[in-house]
Amino acid sequence: MRAAMRLARRLRQSAPSTELTGGGLGLLVTLSQGGPMSAAALARCEGLQPQSLSRLLARMERDGLIERKADVADRRRGVIAVTRRGLEALNGAMSQRRRWLSAVMTDRLNEQERSILLQAAELMLRIAS
């Protein structure tokens with residue numbers, strides 16, 4: 001567990017200081033994979049209290065990464081959706097992280113170790129699903 005946390009921290013540190021915060025990146029991933037959803041549903045997906053999201057959502061909306069709109073099925077309910085700019089920011093952030101991780105793995109691990117690490121990642125994703 002400690003190793004996964006340290007790797008996640010290093011990935012965050014490898015990102016440019018102007019990039020999305022970890023929380024913002026997580027929200028964009030959830031919205032891009034799950035589609036538009038209410039703030040309450042987004043909070044549940046992220047394991048957060050809805051009140052904890054309000055400032056982050058306001059900043060992300062101001063930056064044009066997300067938009068709030070009426071739910072198609074129930075016009076009284078609002079949903080949050082990722083914008084084109086948000087998808088571009090997400091894709092850029094993920095590409096940068098992949099490049100960093102690939103370079104570090106190539107530099108520090110041999111072929112067999114890289115294979116083992118990729119297998120372990122698949123197992124961790126299966127557990128997390």
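Keep in mind that the numbers below use all heavy atoms, side chains included, and drop hydrogens, waters and symmetry copies.
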### Message
Walk me through whether Val79 and Val72 qualify under side chain to side chain contact (heavy atoms under 4.5 Å, CB included).
### Response
CA-CA 9 Å; Val79 294; Val72 176; over 6 Å; no
How many angstroms lie between atom [atom1] of [X] and atom [atom2] of [Y], to the nearest 0.5 angstrom?
X      : Y      : atom1 : atom2 : value
Arg75  : Lys69  : CZ    : NZ    : 10.0 Å
Ser115 : Leu109 : OG    : CG    : 11.0 Å
Leu57  : Ile80  : CG    : CD1   : 4.5 Å
Arg10  : Arg97  : CZ    : CZ    : 12.5 Å
Glu113 : Glu111 : CD    : CD    : 11.0 Å
Arg114 : Ser102 : CZ    : OG    : 8.5 Å

### Query
What's the shortest heavy-atom distance between Gly24 and Met60, and which atoms?
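Looking at all heavy atoms of both residues, the shortest contact is O-CE, 3.6 Å.
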### Query
Which pair of heavy atoms, one from Ala40 and one from Pro50, lies closest together, and at what distance?
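Smallest interatomic distance, heavy atoms only, reads CA-CG, 4.4 Å.
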### Task
Apply side chain to side chain contact (heavy atoms under 4.5 Å, CB included) to the pair Leu42 and Leu53, showing each step before the final yes or no.
CA-CA 9 Å; Leu42 185 56; Leu53 289 180; 4.3 Å; yes
### Task
Among residues two or more places apart or on two chains, list those pairs meeting side-chain hydrogen bond (donor to acceptor under 3.5 Å, both in side chains) that have a residue in residues 27-37.
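Residue pairs with at least one partner in residues 27-37: Thr30-Glu46.
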### Message
I need the full list of side-chain hydrogen bond (donor to acceptor under 3.5 Å, both in side chains) pairs touching residues 51-67, with sequence neighbours left out, sorted by first then second residue.
### Response
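Counting only pairs at least two positions apart or across chains, the side-chain hydrogen bond (donor to acceptor under 3.5 Å, both in side chains) contacts touching residues 51-67 are Glu61-Arg68.
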### Query
Is there a path of hydrophobic side-chain contacts, each under 4.5 Å between heavy atoms of I, L, V, M, F, W or Y residues, that connects Leu87 with Val29?
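The answer is yes; both residues are in one hydrophobic cluster.
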### Task
Answer yes if Leu117 and Met124 sit in the same cluster of Ile, Leu, Val, Met, Phe, Trp and Tyr residues linked by side chain heavy atoms under 4.5 Å apart, and no otherwise.
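Per the 4.5 Å side-chain linkage, Leu117 and Met124 are not co-clustered.
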### Task
Would you check if Leu7 and Leu101 make a side-chain contact, meaning some heavy-atom pair closer than 4.5 Å?
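When only atoms from C-beta onward are counted, Leu101 and Leu7 do touch, with a gap below 4.5 Å.
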#### Entry: Partner of Leu90 under side chain to side chain contact (heavy atoms under 4.5 Å, CB included), chosen from Leu25, Leu27, Leu65
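The side chain to side chain contact (heavy atoms under 4.5 Å, CB included) with Leu90 is passed solely by Leu25 among Leu25, Leu27, Leu65.
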